[in-house]
Amino acid sequence: QVQLVESGGGLVQPGGSLRLSCAASGITFSSYNMGWYRQFPGKQRELVASITRGGSTNYADSAKGRFTISRDNARNTMYLQMNSLKPEDTAVYYCNARHFITARTDWGQGTQVTVSS
């Protein structure tokens, strides 16, 4: 019923760019704070960037200056523009939605990003 579907991942060379998308359905999108997380093999999932329903953004230090998070409430979609990609950005990237009142949390299935020459 609630569905978060990531897309846009793939293989890119170092220094290249990707844009990830997260399409949400089954929720009132404007009532959710959103975020992108990533997970390296054998490691805990970590926050990359977040955006509140009011548009306030936060970034992990590793993402600052290279990544931009945005949302389009009319399309129920969140984006992550990733520039100047590095091999250490290689991970599975997950979409997260958290209701601003109930704190209900939903996750997407993840999309693989591989940065390699």
Side-chain angles (χ1 to χ4, degrees):
Q1 188 181 39
V2 176
Q3 196 168 35
L4 303 174
V5 180
E6 301 98 333
S7 62
L11 175 64
V12 65
Q13 295 192 37
S17 298
L18 285 173
R19 187 181 72 159
L20 305 183
S21 298
C22 172
S25 60
I27 63 171
T28 302
F29 186 74
S30 61
S31 296
Y32 285 77
N33 296 320
M34 304 293 297
W36 287 99
Y37 290 72
R38 67 186 178 187
Q39 190 166 24
F40 306 110
K43 302 295 183 181
Q44 291 244 7
R45 200 168 295 182
E46 66 180 36
L47 178 69
V48 178
S50 64
I51 183 166
T52 69
R53 69 194 211 102
S56 179
T57 60
N58 282 286
Y59 297 90
D61 286 343
S62 61
K64 289 178 181 175
R66 299 188 299 129
F67 295 1
T68 303
I69 190 171
S70 61
R71 65 191 293 165
D72 185 341
N73 286 352
R75 290 181 164 82
N76 287 1
T77 303
M78 175 183 62
Y79 305 94
L80 184 68
Q81 179 66 46
M82 304 188 294
N83 299 325
S84 302
L85 283 162
K86 305 173 181 179
E88 52 262 44
D89 295 317
T90 296
V92 178
Y93 285 71
Y94 294 90
C95 175
N96 171 266
R98 181 179 171 92
H99 195 276
F100 83 110
I101 292 178
T102 69
R104 173 199 170 101
T105 299
D106 292 283
W107 294 93
Q109 82 289 346
T111 185
Q112 176 71 45
V113 171
T114 302
V115 185
S116 177
S117 58

Could you tell me which residues satisfy side-chain contact (heavy atoms from CB on, under 4.5 Å) with [X], sequence neighbours excluded, listed by chain and number?
X: Thr77; result: Ser21, Ala23, Arg75, Tyr79
X: Arg98; result: Asn96, Ala103, Thr105
X: Ser84; result: Arg66

Worksheet item: If you group Ile, Leu, Val, Met, Phe, Trp and Tyr whenever their side-chain heavy atoms sit less than 4.5 Å apart, what else falls in with Phe40?
Response: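 Members besides Phe40: none; it forms no cluster.
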Item to complete: Give a yes or no answer on whether the side chain of Arg45 reaches the backbone of Tyr94 with a donor-acceptor pair at less than 3.5 Å.
Response: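 Not at all, since once roles are kept as given, no pair shorter than 3.5 Å links the two residues.
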Worksheet item: Transitively linked via ILVMFWY side-chain contacts under 4.5 Å: Leu80 with Tyr37?
Response: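 Cluster IDs for Leu80 and Tyr37 differ.
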Worksheet item: Linking I/L/V/M/F/W/Y whenever any side-chain heavy atoms sit under 4.5 Å apart, do Ile69 and Val92 land together?
Response: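 No.
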Item to complete: Please determine if Arg53 forms a cation-pi arrangement with Phe100, meaning its NZ or CZ atom is less than 6.0 Å from the six-membered ring centre and no more than 45° off the ring axis.
Response: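 Yes, cation above the ring, under 6.0 Å and within 45°.
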Item to complete: Could you note down all residue pairs passing side-chain hydrogen bond (donor to acceptor under 3.5 Å, both in side chains) where residues 107-117 supplies at least one of them, sequence neighbours left out?
Response: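 side-chain hydrogen bond (donor to acceptor under 3.5 Å, both in side chains) check on residues 107-117 returns Glu6-Gln109, Gln112-Thr114.
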Item to complete: Identify, with sequence neighbours excluded, every residue that meets salt bridge (Lys or Arg N to Asp or Glu O under 4.0 Å) alongside Arg104.
Response: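 Partners of Arg104 under the salt bridge (Lys or Arg N to Asp or Glu O under 4.0 Å) test: Asp106.
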Heavy-atom closest contact ([X] atom, [Y] atom, distance):
X: Asp72; Y: Phe29; value: O-CE2, 4.1 Å
X: Cys95; Y: Met78; value: SG-CE, 3.6 Å
X: Tyr59; Y: Phe67; value: CE2-O, 3.2 Å
X: Asn33; Y: Thr52; value: OD1-CA, 3.1 Å
X: Cys22; Y: Leu4; value: SG-CB, 4.0 Å
X: Gly26; Y: Val2; value: O-CG2, 3.8 Å

Item to complete: Report the distance from atom OG1 of Thr90 to atom CZ of Arg38, rounding to the nearest 0.5 Å.
Response: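 That separation rounds to 9.0 Å.
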Worksheet item: Testing Val12, Asp89, Asn83 for side-chain contact (heavy atoms from CB on, under 4.5 Å) with Leu18, which one passes?
Response: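 It is Val12, the one option of Val12, Asp89, Asn83 that forms the side-chain contact (heavy atoms from CB on, under 4.5 Å) with Leu18.
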Worksheet item: Is there a side-chain contact (heavy atoms from CB on, under 4.5 Å) between Val113 and Met82 once you walk through the steps?
Response: CA-CA 10 Å; Val113 171; Met82 304 188 294; 3.9 Å; yes
Practice prompt. Please report the C-alpha distance between Leu47 and Asn58 in whole Å, then the side-chain angles of each, then the deciding distance to 0.1 Å, and finally whether the side-chain contact (heavy atoms from CB on, under 4.5 Å) criterion is met.
Written response: CA-CA 9 Å; Leu47 178 69; Asn58 282 286; 5.5 Å; no
Discussion item. Within a 6.0 Å radius of atom CD on Gln44, are there more than 12 heavy atoms belonging to other residues, nucleotides or ligands?
Written reply: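 No.
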